[in-house]
There are 2 protein chains.
Amino acid sequence: MSLHQDVLTALEREAPGLAQTDAELIATHLTDRSGYPASGVPAAVVHPTSTAQIQAVCRAVSGAGGSIVVRGAGSGVAGGATAGEDQVVLCLEHLNAILEVSAQDLTARVQPGILNGALNQMLAQQGLWWPPDPASKDISSVGGNIATNAGGLLCAKYGVTRESVLALDVVLADGSLVRMGHNTVKGVTGYDLTALMVGSEGTLGVIAEATLKLRPARTAAEVTLSAVFDDVGAAVRAAQAVVASGLQPAIMELMDEPTIRYVVDYLGVDPTDGGGAYLLIQTDGAGASEEAHALADLLAPGARSVARAATHEQAEGMLAFRRACFPAFERAGSTLVEDIAVPRSKMAQAFARIREIEAKFGVEVPTAAHAGDGNLHPIFIIPFGDQIPQNVWDAASEIFGVALELGGTLTGEHGVGVLKKRWLGDELGGVQMALQSRVRSAFDPERVLNPGKVLD
Amino acid sequence: MSLHQDVLTALEREAPGLAQTDAELIATHLTDRSGYPASGVPAAVVHPTSTAQIQAVCRAVSGAGGSIVVRGAGSGVAGGATAGEDQVVLCLEHLNAILEVSAQDLTARVQPGILNGALNQMLAQQGLWWPPDPASKDISSVGGNIATNAGGLLCAKYGVTRESVLALDVVLADGSLVRMGHNTVKGVTGYDLTALMVGSEGTLGVIAEATLKLRPARTAAEVTLSAVFDDVGAAVRAAQAVVASGLQPAIMELMDEPTIRYVVDYLGVDPTDGGGAYLLIQTDGAGASEEAHALADLLAPGARSVARAATHEQAEGMLAFRRACFPAFERAGSTLVEDIAVPRSKMAQAFARIREIEAKFGVEVPTAAHAGDGNLHPIFIIPFGDQIPQNVWDAASEIFGVALELGGTLTGEHGVGVLKKRWLGDELGGVQMALQSRVRSAFDPERVLNPGKVLD
């Protein structure tokens with residue numbers, strides 16, 4: 001019998017009726033938002049509705065010698081959820097319940113498929129908040145946020161997703177269930193396997209349930225500032241002065257000149273009046289207004305102009321200019337989004353090197369950055385329908401090299417998936433790559449889960 | 001040849017002159033502050049002064065079939081650094097340099113032996129701060145704080161040690177060196193081995209260097225409140241109301257009636273005027289004063305009295321009353337300190353059950369709690385010179401059971417070491433214990449590092 005048939009037979013035995021093999025359905029589960037092509041056609045898609053069903057699927061596929069791609073909402077941008085030949089796509093979108101919310105414990109117990117935005121809408125009604133805030137929050141799942149240790153705009157102040165996950169129910173490749181972590185804020189019994197699961201991109205286990213650490217909703221009014229600079233160097237110097245000042249904005253976003261150009265073209269208005277860089281800052285909490293005042297004073301000497309939103313509409317306008325980046329790029333062509341992070345003191349060098357790389361390879365690389373934490377998104381825009389040309393790959397590769405040279409990392413918040421796998425060894429080194437591989441084997445010795453992704 | 005001699009020979013070959021075998025020196029490196037007895041006499045103590053020397057020691061001891069106990073400042077309270085027969089005590093106290101501080105990146109690169117208090121004194125001069133704040137900070141090392149994921153008073157607001165560590169240089173048992181983690185705030189390349197090292201109690205690798213995540217020093221004046229209650233139930237209800245209110249004090253500490261009695265006896269004054277429970281609260285940041293005002297209003301209805309410190313001296317007096325707990329206990333006898341954590345909604349039940357256990361076993365269990373995060377320290381006081389009697393062990397064991405029954409954990413911030421090892425399986429379960437053991441093998445298959453500690 002073929003592997004394909006073995007897998008389907010085992011699934012039918014362990015989880016009767018769960019395997020979906022309809023070609024049209026399978027076609028919608030082949031890849032994620034990276035656009036990276038699937039390496040083959042999977043044997044089936046399954047939509048479990050209980051932890052027991054996840055266990056049954058893992059047991060079946062393991063037993064048959066097959067492999068599994070775990071899928072949340074399919075919003076990943078590193079190819080981590082692309083399907084392969086004869087694989088089973090384990091899609092968690094129907095496991096989307098909120099099981100429990102405790103305002104006294106500041107915790108929520110949820111299933112992995114719930115969307116971040118939907119969860120936070122519900123929590124807001126109780127004055128609560130789960131801080132992870134990726135730009136994709138309305139289309140990305142909590143399980144996916146955990147699997148990629150999703151970042152976003154608020155990380156410098158509120159931390160990455162790891163800081164907001166207390167405990168997980170994890171199904172291992174062989175179908176066994178492990179409840180890891182703690183229901184408490186503190187807990188040091190054994191190794192922190194929960195933190196290890198965060199960012200593991202579906203390669204260690206299947207997240208069947210999560211206990212999230214909540215915060216009280218931010219009730220004080222946020223204050224929003226925007227500043228326009230002559231060039232990105234001046235904007236970076238301003239952002240660095242903010243970090244060094246001890247003030248802690250909730251949001252600090254930077255757009256360079258090519259990015260501004262795309263957004264102005266898209267929106268049809270130019271609030272920067274031909275500016276060379278745009279810095280968006282938001283403060284929150286009890287001291288929001290005073291902090292914004294101090295920040296405006298700090299920015300003024302190096303800026304062409306600094307504006308403080310006087311109304312909610314003005315603040316929304318400032319935020320909208322930043323939020324329009326990706327829609328503007330995506331209207332212009334297919335996008336390849338990089339996600340390097342560098343120490344904040346190296347941001348100016350990173351931007352300067354990106355300009356050199358643009359010239360060297362004859363490509364344009366508009367770059368938006370989470371300036372509060374040194375996370376840059378250099379973007380390549382490829383004409384619709386074209387393959388990614390070699391000069392783009394070469395330029396992208398050289399940007400990875402720059403990130404490492406400056407003491408940074410290949411990926412700040414998107415993950416390795418398949419897109420960055422070939423550069424991972426350059427960052428981690430041989431000894432660590434071997435150790436990482438042994439850790440993977442401790443969870444999944446047969447590489448049933450997401451084989452070929454992240455590392456081998 | 002004996003293992004003892006094999007180890008010394010190998011050390012002399014790989015790290016000439018480093019092995020110290022003086023009996024008096026060895027005697028000072030046998031145990032930690034738990035008072036737990038060493039299980040044997042080590043072959044040697046070594047004080048490496050470089051990463052290369054750590055590597056040489058690991059290589060030598062591994063090669064000779066020996067084992068290593070890593071030791072920081074010896075301030076642990078779970079027996080994690082107690083020595084064993086023929087082992088090598090790898091003491092990191094001389095590796096205590098601050099290698100680099102960057103105000104622009106909000107990072108510090110340090111050696112593991114530097115004391116938390118010493119580091120923070122130096123950082124304060126630059127307006128910077130490393131948040132981990134264990135009560136032991138003046139005598140505990142940064143490496144030890146990392147190895148135990150140390151907690152303290154500020155965790156509810158500022159997180160545990162894990163949140164303040166970006167990257168580590170780790171020497172594995174075979175002497176190889178792994179640089180793990182990122183110099184950046186965000187980074188998702190591969191599994192988060194840095195988080196896994198945090199809290200691993202010397203069983204996975206030797207921390208040779210750490211890149212710490214700093215915050216700006218807290219410049220706004222803190223505001224300190226104290227409240228006295230008729231009983232611990234009323235105090236817990238007040239603490240729970242604080243958590244549910246969305247206000248976020250930096251410190252919220254609770255002392256029960258037996259604890260107050262010990263401290264009053266020790267200090268010779270009773271600021272509680274015969275109170276049944278004491279709650280200490282501190283707010284900080286830009287909104288400190290307004291938050292304190294709101295908190296005082298919240299506490300007033302259930303409290304016998306609420307006081308707000310009008311001067312620095314008054315604030316210090318309030319804090320001193322809490323800080324006197326452990327000196328007061330330690331004057332009264334040898335102490336066995338438990339460290340359970342429970343969901344904050346279960347604190348009242350935890351205190352009630354401790355009172356029942358006191359009656360059942362005829363012991364007194366004064367209990368101080370980090371009420372902001374549900375971390376309780378039930379204390380047993382044993383007459384100086386006595387062995388720990390059976391009724392104390394039985395009562396301690398029953399308190400662990402209560403913690404688990406209430407959905408909590410055996411240890412919130414002290415670690416498992418040897419003291420809590422026998423209960424670990426009750427919390428983690430068999431499948432997770434096996435997985436934890438496989439993870440340990442991925443790092444240290446021969447169990448060279450801290451064998452017999454935490455888990456087997």
Inset, instruction - Hey, could you give me the OG1/CG distance between Thr184(B) and Leu406(A), rounded to the nearest 0.5 Å? - result: 11.5 Å
Legend entry - Exam field: side chain Gln436(B) to backbone Tyr191(A), donor-acceptor pair closer than 3.5 Å: yes
Inset, instruction - First locate atom NZ of Lys186(B), then atom OG1 of Thr411(A), and finally report the distance between them rounded to the nearest 0.5 Å. - result: 10.0 Å
Legend entry - Sidechain-backbone polar pair: Asn183(A) side chain, Pro343(B) backbone, donor-acceptor under 3.5 Å: no
Inset, instruction - Could you tell me which non-hydrogen atom of Ser176(B) sits nearest to which non-hydrogen atom of Val431(A), and how far apart they are? - result: OG-CG1, 3.9 Å
Inset, instruction - Indicate the atoms forming the closest heavy-atom contact of Leu106(A) with Val243(B), along with that distance. - result: CD1-CG1, 3.7 Å
Inset, instruction - Search all heavy atoms of Ala286(A) against all heavy atoms of Gly287(B) and return the closest pair with its distance. - result: CB-CA, 3.4 Å
Legend entry - Exam field: side chain Gln240(B) to backbone Gln104(A), donor-acceptor pair closer than 3.5 Å: no
Inset, instruction - Identify which part of Leu410(B) has an atom lying under 4.5 Å from any heavy atom of chain A, answering side chain, backbone, both or neither. - result: both
Legend entry - Proximal component of Glu163(B), with respect to chain A [non-hydrogen, under 4.5 Å]: both
Legend entry - Side chain, backbone, both or neither of Asp373(B) within contact of chain A (heavy atoms, under 4.5 Å): both
Legend entry - Contact class of His414(B) relative to chain A, heavy atoms under 4.5 angstrom: backbone
Legend entry - Gap separating the NE2 atom of His182(B) from the OG1 atom of Thr409(A), nearest 0.5 angstrom: 3.5 Å
Inset, instruction - With a 4.5 angstrom heavy-atom cut-off, could you sort out which part of Leu166(B) is near chain A: side chain, backbone, both or neither? - result: neither
Inset, instruction - Indicate yes or no: at least one non-hydrogen side-chain atom of Leu435(B) is less than 4.5 angstrom from one of Leu193(A). - result: yes
